[in-house]
Structure formats: C-alpha cells, structure tokens
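Notes follow the structure.
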Amino acid sequence: MSDDFLNLLNPEQRKAVTLPEESALILAGAGSGKTRVLTSRINFLLTEGICHPSEILAVTFTNKAAREMLDRVGRQLPIKVSRMWVGTFHGLCNRMLRAQYKAAGLPQSFTILDQSDQLSMIKRVMKAHDFSTEINKPSEVQSYINGCKEEGLRATDVHEKRPRFIDKLSIYERYEDTLAKEGACDFAELLLRSYELLKNHPDIRKHYQDQFRFILIDEFQDTNKLQYKWIKLISGIEDGRAINTVFAVGDDDQSIYSFRGANLDNMRQFLHDFKVADPIRLEQNYRSTGNILKAANELIARNPSRLGKNLWTNSGEGEKIRVFEAENDLEEARFVVEAITQYRSEGIKYKDMAVLYRSNAQSRVLESALNNNGIPYLVYGGFRFYDRQEIKNALAYLRLAENTSDDAAFLRVINVPTRGIGQTTVEKIIDEAEVKGCSCFEVARSFQGRAAKAIASFVSLIEEIRAKKDQMPLGDLVSYAVAKSGLISMYETDPNGQDRIENFRELTSAAESFVVIEHVDEETEETELKPLALFLANATLESGESQSKLGEDAVQLMTVHSAKGLEFEIVFITGLEEGLFPHNNSIFSPESIEEERRLMYVAITRAKKRLYMTMAHRRLLNGREDFHIPSSYLSEIPAELLKYLSPQSRRSTEVDSSNEGDDFGESIWNRGRRMENWTRQIFERPKPTTFGMRSRVKSNSPYAPGTKILHEKFGEGVIYNLTGEGESQLIDVMFSKYGKKQMLLSIAKNKIKIV
DNA sequence: TCTGCGTCTTTTTTT
DNA sequence: AAGACGCAGA
C-alpha cells in the first residue's frame with residue numbers, strides 16, 4: 001500500500017490528515033492546501049482501513065466542490081465513491097428527505113423552490129390574505145422568514161414583540177401552510193425539515209448516526225446556526241451516544257455569507273461543544289507571492305476578534321500591487337483591457353486572468369470593453385441557465401406534471417403560452433381552491449365557466465405529460481413537454497426566441513445525461529425512484545453553476561463571492577470605491593464593515609503573481625452617475641506594497657522611484673500616452689480640484705455634484721446629486737464614513753464646509 | 001381577456 | 001438601466 005500522498009504534505013497538513021478518531025478544527029488559510037487536506041483525509045481514512053466509504057459524510061459549500069472531491073478521491077482510490085455521502089447541505093438534506101419523505105411529512109415528489117419562486121409565493125400569500133405590500137415589502141418578508149428558518153425557528157416558535165415584525169410573522173405562518181399544502185420546500189426548509197426529521201424520529205436519527213462515523217465539513221465558517229445544529233444532531237454529540245467525529249475545515253477570515261445566515265460564532269462554539277483543545281493552523285500559503293500576502297495580512301489584521309492566523313510563503317516578495325485610479329468607469333474598464341491585452345501578448349493565457357467586482361451590475365462596462373477589443377471572456381453567475389424564463393416555464397410544466405399540488409407551477413404556466421385564460425378566471429380558480437382547501441389543478445379539473453374549454457385542454461395537456469413521465473426517458477420527456485405545451489411555437493414567433501429554443505435543446509440534453517445516482521441504502525431508504533422529481537430537484541439545487549466551458553481560454557469575470565476558492569495568475573479587483581466596496585448597505589454596521597473587509601481579503605488572496613486594484617471616480621450606477629472616493633480598504637494596505645499607476649495619483653503622491661524602469665505597469669502607462677487623441681484626453685486630463693467636476697448636471701451652485709465637503713458631524717464626503725429648487729433644494733452626499741445621506745441644503749449649509 | 005404603454009421602483013453578495 | 005406593476009383601451 002502506498003502512503004505517497006502523505007509525503008506531499010507539510011507537517012501541519014500531515015498532522016491534520018492523520019489525526020486519530022477525534023473531532024478537529026482545521027483553520028485553513030487562503031491557499032494553504034485546504035482541498036488537498038480534505039481529500040487526503042478521506043484517502044487516509046479509507047486506505048488505512050479506518051472506515052468504509054459508506055461511513056463518510058462530507059459537506060461542501062458548492063456542488064462543484066462536491067464533484068471535485070469525489071473526483072479526486074475516486075481517482076486516487078479504487079473505491080466505490082458513490083457509497084460516500086458528499087454534497088452541499090441542501091443536496092444532502094434533499095437526499096435524506098427523498099428517502100425519508102413519509103416520516104418527514106412530505107410528498108415523495110415535493111418541489112424545491114428557489115429564491116425567486118419563494119418570493120412569488122410570498123407575494124401570492126400576502127395577496128391572498130390582504131397584507132399590504134407597501135407596509136411589508138415581500139423581499140423583506142422573505143429575509144425575515146429565511147432568517148427565522150436559518151435559526152431553526154418555525155413560526156410557532158417565534159414570539160415576536162417588535163411591532164414592525166408582527167405582520168411578517170403572521171405572513172410567515174400562512175406561508176408555511178401554503179408550502180405544506182403545495183408540497184414544496186424552499187432552500188431553508190430543506191434544512192429545517194431534515195433537522196426536524198432527525199430530531200423527532202429517534203430511530204431515523206440513530207440510523208444516520210450509526211452510519212456516519214466520520215463527518216467532514218468544508219467552509220465551516222459559512223455554516224448557519226441551523227446547519228450547525230444539524231451537524232451536532234447527526235454527530236450524536238447531543239444524545240451523549242457514541243460520538244461521530246467531525247473534521248471541520250474553515251477560515252474565519254473568509255466568512256462572507258452572513259447575509260444568508262452564516263454564523264461566524266459557530267467556529268468558537270465548535271471548539272467548545274466538541275471539546276477541541278486547539279485548532280490546527282495551516283498557515284503556509286502556496287499560492288501568492290509575498291507582497292500580495294502581506295497586503296492581505298495587514299488588511300485583515302484590522303478585524304478584531306479573529307481566531308488569529310498569519311499566512312506566510314517562501315516564494316519571495318514578487319511584484320507590488322498596482323493601483324489605478326480612473327476618472328470614470330469607462331476608463332477603468334479600458335485600463336483593465338489594456339493590461340489584459342499586454343499580458344496576452346506576453347504569452348499569458350486569458351483564462352489565467354480574472355476580473356473581480358463587488359456586484360454583478362459592474363460587469364456590464366467591463367464586458368463591453370472586452371467585447372469591443374475582441375477578447376474572449378466568461379461571466380460567472382449573473383444569468384443562470386435555470387433562471388431563464390423559458391427554462392422556468394418548461395420546468396413548471398414538468399413540476400406540475402410531477403406534483404399537481406404545485407400551485408406556483410400551475411399559476412406560472414396556466415396561460416403561458418396564452419390560451420385565453422385571463423386573470424379573472426385565474427382568480428376564480430385561486431379562490432375556489434382556497435375555499436375547498438385543494439390545489440388549483442384540482443379545481444381546474446372540474447372547472448365550469450367561460451374558459452372551461454381552454455382549461456380542460458390545459459388539464460389534459462398536463463395529464464398527458466403525467467402519463468408519460470415515468471415511461472419515457474427524461475430527455476424525451478422534456479422535449480415532449482416543450483413541444484406539446486406550445487412553448488416552442490410561442491418562442492418561434494418571438495424575435496429573439498431562437499436563443500430560447502436553443503436553450504430548450506440544452507435542457508433536453510441536460511435531462512438526457514442526467515444520471516440518477518442509485519444509493520440504495522438497505523432498511524430505511526426507499527428504492528422506488530422518481531427520476532423526474534430528482535431531475536427537477538437537481539435543477540433547482542444546481543442552479544447553473546455554469547458547466548464552465550472547460551478548457552476554453554477566456555478571461556474570467558465574476559463577483560468576489562463567486563471567486564472564493566479559486567485562484568488566478570493575474571487578478572484585477574475593480575470598483576475599489578467607498579460605497580461600492582465596502583458597499584453602502586454595509587457601511588452602517590461595524591460587523592458588516594468587517595465582513596466587507598473579509599471579502600476584500602478573499603479578493604486579494606485570489607492572486608498568485610500579480611494583483612491590480614482599480615477604482616473610478618465617477619461611475620454610472622442604477623441609471624445615474626455617482627461620484628466616488630477611493631475605498632478605505634485601499635488605505636489600509638501599507639503604502640510600500642502599492643504602486644500607483646494613474647496620473648491622478650502621480651500628481652498627488654510623490655513618485656516612487658521604483659516606478660521607473662521597464663516594469664510592466666509602466667509600459668501600459670507609456671503606451672497610454674502614445675495613444676490616439678481622445679485617449680490622451682482621458683489620460684492626461686489635469687486632476688480637477690473638485691474631482692469629477694465635468695458634471696452633466698447643469699448648475700452653477702457652489703454645491704454642484706462632485707464638490708468635496710466637510711460636515712461637522714459626518715466628516716468628509718462628496719456631493720453626488722443636487723435636486724429641487726429654492727428652499728427645498730436637496731443634496732445627496734456620499735460620506736466616507738457614514739455612506740449616503742440626503743439633506744436639505746438650506747439646513748445643511750450651515751453645517752458643511754467646502755473643501 | 002389581452003396588449004401596450006407609462007410609471008414606478010429598485011439597485012449586494014447566493015446554496 | 002431594467003424590470004415590475006398598474007391602468008386604459010381594443
């Protein structure tokens with residue numbers, strides 16, 4: 001037997017991998033070989049004969065990570081990896097619930113609602129029960145509900161005293177009823193159901209506890225309270241039974257999902273609950289050069305209450321971080337494109353370069369700049385395949401066929417394509433369903449009235465798909481449904497419908513290649529398989545982690561969030577502006593500012609060789625031009641690690657002598673000077689005293705947009721908008737410390753000073 | 001009942 | 001800028 005894989009590890013890694021049967025917390029810094037440790041651990045457990053594949057439960061953050069893990073282990077060992085349970089929390093809970101649907105109180109073919117399905121359902125529930133969407137915004141209700149669920153709280157568990165949440169709570173209550181009635185689960189519900197299943201059924205709990213002797217959790221810092229409770233339950237630690245060991249791997253500095261309930265405190269709690277004396281720290285970084293790492297360390301050091309960790313490398317200092325302050329977003333994009341072109345000509349592949357941004361909206365300008373220069377690029381996230389309306393429509397037909405209680409699906413396609421069933425009729429159906437306490441489809445089956453004929457043909461359409469669904473191969477079923485439903489002919493007349501029809505083809509082939517993984521577990525698990533239900537669940541859970549056109553040489557564009565876990569030779573972090581990164585919505589709470597800082601930390605540590613940080617003083621955002629000052633995070637990085645490339649900063653900062661020479665950043669700048677006239681205008685425009693003064697807003701007021709001010713209470717800021725007349729004139733100010741504020745000029749006048 | 005138009009609002013991150 | 005929503009006219 002070969003222990004080769006152990007020889008590839010450094011001492012800390014090896015210590016983690018070869019740990020005896022006990023729980024552990026591995027603090028794995030960015031680029032410290034976390035994935036290798038996880039897979040090696042599994043490898044170790046199996047090759048040493050410590051356990052069988054079926055005794056391993058591994059939770060990853062994304063489906064992609066799960067696939068990679070299975071892949072790597074499978075390649076190293078001649079073992080049936082399908083016996084292991086590897087997946088995301090949601091994926092694993094789904095698997096468990098499908099197997100135990102009866103005990104969980106769900107129909108076998110329960111539907112999974114994604115975020116937007118959930119939102120529609122909330123709207124529907126609010127409408128049905130006469131809740132004003134003015135007072136309670138559906139999206140706020142949504143986050144309230146998810147917030148509760150992520151803490152493991154049912155509506156009946158919440159004793160709400162805060163007045164403004166009382167209504168949200170009762171909407172939650174009714175929403176729960178609707179979910180149950182329609183046989184649907186939202187994302188959080190999958191976890192909660194699964195948790196309750198284990199909690200309320202000692203026999204089932206024991207079954208899984210007996211099975212999973214080794215539990216491995218990746219990205220532990222991003223688990224929420226409910227997920228942690230789930231882990232505790234399944235590990236057996238709460239029952240005081242023979243305890244399964246939990247091997248938790250995470251990095252508190254990379255916790256960036258608190259907006260969806262991630263609870264950083266789980267790490268501390270874990271040490272206590274699982275009696276882990278000391279976390280194992282993996283601090284040697286194999287990814288980035290010294291300067292990049294130093295910048296990351298210095299930045300993150302500003303966050304109080306970390307578990308503590310300092311990355312080091314022996315790969316040398318490397319280049320400095322290049323900073324570019326652009327006049328506007330167009331120029332920023334141009335700069336990035338220039339650099340990419342240059343690197344490409346030096347032989348660096350497009351796919352080794354990534355452009356990162358805080359929010360998806362920022363990709364537009366970058367995309368068009370890349371496009372104009374004929375540079376291939378790949379945008380991650382953004383429009384997901386399964387989010388497209390035509391795909392959602394097609395899936396809705398299939399959902400309804402699989403689960404006729406699925407009113408959400410019913411309402412989505414009852415009149416798509418239009419078949420003469422209008423709002424009045426639909427509302428009649430909804431009301432009747434409400435009265436009878438049955439599904440809309442049930443009502444439709446015996447619908448009498450004006451549109452009876454149209455409805456009857458819709459019903460028989462669904463029945464036909466239903467009749468075929470367990471006979472036909474999945475791929476055939478999908479193409480049958482899109483044709484028979486009339487969706488194809490509907491899009492044929494649509495001017496840009498060709499793409500949509502093409503997407504149907506893609507959906508069909510996804511269905512064709514969908515393999516129902518057979519994990520028939522003796523005793524408890526059901527053996528009867530429902531391919532369509534599994535396919536639909538998979539579609540929502542794997543909502544298009546782009547089947548990344550692998551091997552394609554293209555520049556990678558993505559948000560910082562989706563860059564987590566990835567690495568690139570060259571990284572551009574764009575939009576380093578106060579209000580954007582850190583984002584305005586985070587600016588008011590210290591915790592969020594810290595989270596944003598961690599986000600920046602993640603961004604920086606993606607880079608292997610070269611890192612660029614760029615910002616734009618003016619930016620078109622939400623349909624209007626905003627003025628921005630450089631991100632405070634930029635100033636949190638020691639100046640000696642930075643090298644400014646932009647003319648603006650050259651003027652304001654003394655030129656660093658290291659900026660001379662044939663260094664690469666220099667060459668871009670020099671080439672910039674030789675460019676055509678219009679380009680030169682941008683590059684060589686003198687720095688305006690109040691930056692961004694070439695405002696389109698016609699105004700000769702001293703408070704015109706772009707004016708820098710000092711407020712007696714809020715400190716420094718920039719006016720970015722001026723509206724109204726006379727006494728009611730308003731200014732919008734972006735403060736560096738307090739974010740956006742709108743104030744009445746007549747009053748603010750006395751409190752501000754123009755700088 | 002359907003369609004088109006105008007108005008309104010919304011803008012963080014995603015399993 | 002783009003999408004959701006509501007209203008009016010066909």
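Per chain, numbering begins at 1; letters A, B, ... match sequence-line order.
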Whole-Å distance between [N] [atom2] and [X] [atom1]?
| X | N | atom1 | atom2 | value |
| --- | --- | --- | --- | --- |
| A/Asp387 | B/dT15 | CG | C1' | 12 Å |
| A/Leu580 | B/dT13 | CG | P | 10 Å |
| A/Gln362 | C/dA1 | CD | C1' | 15 Å |
| A/Leu599 | B/dT14 | CG | P | 10 Å |
| A/Arg419 | B/dT3 | CZ | P | 13 Å |
| A/Asn538 | B/dT15 | CG | P | 14 Å |
| A/Leu620 | B/dT11 | CG | C1' | 13 Å |
| A/Gln115 | B/dT15 | CD | P | 10 Å |

Compute whether any side-chain donor of one residue and acceptor of the other, for [X] and [Y], lie under 3.5 angstrom apart.
| X | Y | value |
| --- | --- | --- |
| A/Ser139 | A/Gln142 | no |
| A/Gln227 | A/Asn266 | no |
| A/Asn136 | A/Lys168 | yes |

On DNA chain B, check which nucleotide each of A/Phe187 and A/Thr425 is closest to and give me the residue with the more 5' one.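 By nearest-heavy-atom nucleotide position, the 5'-most residue is A/Thr425.
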On DNA chain B, does the nearest nucleotide to A/Lys137 precede the nearest nucleotide to A/Thr418 from the 5' side, or the other way round? Give the residue.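 Counting from the 5' end, the first nearest nucleotide belongs to A/Thr418.
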Would you indicate what [X] reaches in the nucleic acid, counting non-hydrogen atoms under 4.0 angstrom: base, sugar-phosphate, or nothing?
| X | value |
| --- | --- |
| A/Ile256 | nothing |
| A/Asn94 | nothing |
| A/Phe89 | nothing |
| A/Lys564 | nothing |

OP1 or OP2 of [N] under 4.0 Å from side-chain N/O of [X]:
| X | N | answer |
| --- | --- | --- |
| A/Asn585 | B/dT11 | no |
| A/Arg260 | B/dT12 | no |
| A/Asn360 | B/dT14 | yes |
| A/Lys64 | B/dT15 | no |
| A/Lys123 | C/dA4 | no |

Centre-to-centre under 6.0 Å for A/Phe410 and A/Phe458, is that the case here?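 That pair passes the under 6.0 Å test.
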Can you tell which of [options] lies closest to the side chain of [X]?
| X | options | result |
| --- | --- | --- |
| A/Arg358 | B/dT10, B/dT13, C/dC5 | B/dT13 |
| A/Thr559 | C/dA2, B/dT14, B/dT12 | B/dT14 |
| A/Thr424 | B/dT13, B/dT1, B/dT12 | B/dT1 |
| A/His583 | B/dT12, B/dC2, B/dT13 | B/dT12 |
| A/Glu596 | B/dT15, B/dT12, B/dT14 | B/dT12 |

Determine whether more than 12 heavy atoms belonging to other residues, nucleotides or ligands lie under 6.0 Å from atom CZ of A/Arg164.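 Counting neighbours around CZ of A/Arg164, 12 or fewer heavy atoms of other residues, nucleotides or ligands fall under 6.0 Å, so no.
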Suppose you measure atom C1' in C/dA4 against the same atom in B/dT13; what distance do you get, rounded to whole Å?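 Each nucleotide's C1' atom is 22 Å from the other's.
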Quick one: does A/Leu264's side chain get under 4.5 Å of A/Glu595's, heavy atoms only?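 Contact flag for A/Leu264/A/Glu595 side chains = no.
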